[in-house]
Amino acid sequence: MNRFPKLTPLSRHFFARRADLVAPALLGKLLVRRLDNGVVLMGRIVETEAYLGPEDPASHSIRRRSAAAQHIWGPPGFAYVYLCMGMYYCLNVVVEPEGRGGCVLLRAVEPLTGLETMRLHRPRARTDYELCSGPGKLCQAFAITAKLNKADMTAGDLVIAEAEKIQFALGVSPRIGISKAVDWPLRFYMAGNPYVSHPNKPQVTKRAV
DNA sequence: AATATGATCTTCT
DNA sequence: GAAGATCATATTT
């Protein structure tokens with residue numbers, strides 16, 4: 001309970017690639033959150049979506065720069081947290097070389113440690129599957145709010161850390177919940193993993209990793 | 001100043 | 001499968 005594996009945050013270099021390369025590369029990595037009271041929450045990333053630069057009509061980088069989002073054109077490896085539908089936060093990591101405005105949305109994690117605290121954060125969740133199986137749920141479980149917008153995810157209280165490599169089949173599908181570029185295959189997930197959201201969504205390709 | 005629009009979740013049918 | 005909750009940001013008057 002008081003021993004955690006050695007955590008090695010991913011380097012900024014890791015994020016300085018195209019979003020559609022970083023997104024699948026993040027599968028299997030650890031999302032690590034240290035709360036103010038010292039409790040550590042951890043989950044294995046099992047589902048991500050890539051949002052590219054200005055050539056992607058669904059990306060926030062095609063919109064005019066706002067104070068809350070201007071850092072997505074800055075150096076990669078920082079959190080981009082924003083409120084969706086007035087009620088739920090979504091967590092992104094800024095990726096791609098500086099100036100592009102690419103992001104990767106973290107859609108689902110497999111909860112590993114701190115489940116009791118996650119259940120307190122998500123009283124609505126009746127099963128462990130409902131804890132983190134969606135971008136809004138994940139933010140509730142991990143207590144991620146706009147206060148963590150612009151946080152450095154290579155160091156601090158919200159980081160993505162290296163993990164033991166595990167074998168899995170890569171699922172690819174169109175992104176969820178958007179109205180532009182709806183067919184672009186930029187959602188990546190661990191095929192068959194029970195903590196992925198929208199398990200019945202048809203995938204377009206599948207290959208071993 | 002006012003309105004339209006979501007990278008969602010929950011509950012109900 | 002569909003509707004409602006709810007608000008930061010962007011776009012329109």
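Chain letters run A, B, ... following the sequence lines, proteins first, then strands; residues in each count from 1.
- Residue pairs meeting the ring-ring contact (aromatic ring centres under 6.0 Å, His included) criterion with at least one member in residues 76-98 of chain A, sequence neighbours excluded: A:His60-A:Tyr80, A:His60-A:Tyr82, A:His71-A:Tyr80, A:Tyr80-A:Tyr82.
- Residues satisfying the side-chain hydrogen bond (donor to acceptor under 3.5 Å, both in side chains) criterion with A:Glu164, sequence neighbours excluded, are absent altogether.
- Non-hydrogen atoms lying under 4.0 Å from DNA chain B are contributed by A:Tyr82, A:Cys84, A:Met85, A:Gly86, A:Tyr88, A:Cys90, A:Asn92, all within residues 61-96 of chain A.
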Any protein N or O atoms within reach of nucleotides 11-13 of chain B? Criterion: under 3.5 Å, listing atom names and distances.
residue: B:dT11; atom: OP1; partner: A:Arg124; partner atom: NE; Å: 3.1

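- The stretch residues 125-136 of chain A touches DNA chain B through A:Gly134, A:Pro135, A:Gly136, each having a heavy atom within less than 4.0 Å of the strand.
- Within the structure, ring-ring contact (aromatic ring centres under 6.0 Å, His included) contacts touching residues 100-143 of chain A (residues at least two apart or in different chains) do not occur.
- Through ILVMFWY side-chain contacts below 4.5 Å, A:Ile62 is grouped with nothing and stands alone.
- Under the rule for a side-chain hydrogen bond (donor to acceptor under 3.5 Å, both in side chains), the partners of A:Thr154 that lie at least two apart in sequence or sit in another chain are A:Arg12, A:Asp152.
- Remark: P of B:dT5 and NZ of A:Lys180 are 10 Å apart, rounded to the nearest angstrom.
- No side-chain heavy atom of A:Glu96 sits less than 4.5 Å from a side-chain heavy atom of A:Leu21.
- The CZ-P distance, from A:Arg187 to B:dT8, rounds to 11 Å in whole Å.
- Partners of A:Lys150 under the salt bridge (Lys or Arg N to Asp or Glu O under 4.0 Å) rule, at least two apart in sequence or in another chain, do not exist in this structure.
- Under the 3.5 Å distance criterion, the side-chain polar atoms of A:Asn149 are matched with a main-chain donor or acceptor of A:Val81.
- In this structure, CG of A:Leu138 is placed 17 Å from P of B:dA7, rounded to the nearest angstrom.
- Shown here are the side-chain hydrogen bond (donor to acceptor under 3.5 Å, both in side chains) partners of A:Ser133, two or more places apart in sequence or in another chain: A:Lys137.
- The cationic atom of A:Arg65 (NZ for Lys, CZ for Arg) lies less than 6.0 Å from the six-membered ring centre of A:Trp73 and within 45° of the ring axis.
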Verdict with supporting geometry, A:Met153 and A:Asn92, side-chain contact (heavy atoms from CB on, under 4.5 Å): CA-CA 10 Å; A:Met153 296 192 76; A:Asn92 297 251; over 6 Å; no

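- Regarding A:His60, its NE2 atom lies at a distance of 15 Å from the P atom of B:dT5, rounded to whole Å.
- Between the OH atom of A:Tyr51 and the C1' atom of B:dG6 there is a distance of 11 Å, given to the nearest Å.
- The backbone N or O of A:Leu106 sits nowhere less than 3.5 Å from a side-chain atom of A:Glu47 that would complete a donor-acceptor pair.
- In this structure, A:Ser197 contributes its side chain and A:Gly134 its backbone to no donor-acceptor pair below 3.5 Å.
- Side-chain atoms of A:Arg34 do not come within 3.5 Å of backbone N or O of A:Gly156 as any donor-acceptor pair.
- Interface limits on DNA chain C: the 5'-most and 3'-most nucleotides within less than 4.0 Å of chain A heavy atoms are C:dA5 to C:dT11.
- For A:Arg175 and A:Tyr51, the positive end sits near the middle of the six-membered ring, less than 6.0 Å away and at most 45° from its axis.
- Each of A:Gln140 and A:Ser179 was assigned the nucleotide of DNA chain B with the nearest heavy atom; the assignment lying further toward the 5' end belongs to A:Ser179.
- Nearest to the side-chain atoms of A:Ile176 among the listed nucleotides B:dT8, B:dG6, B:dC9 stands B:dT8.
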Dot-bracket assigned to DNA chain C with the 3.5 Å Watson-Crick/G-U criterion, [ ] for crossing and | for other-strand pairs, is |||||.||||||.

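- Linking ILVMFWY side-chain heavy atoms closer than 4.5 Å, directly or via other members, places A:Leu138 and A:Leu105 in two distinct hydrophobic clusters.
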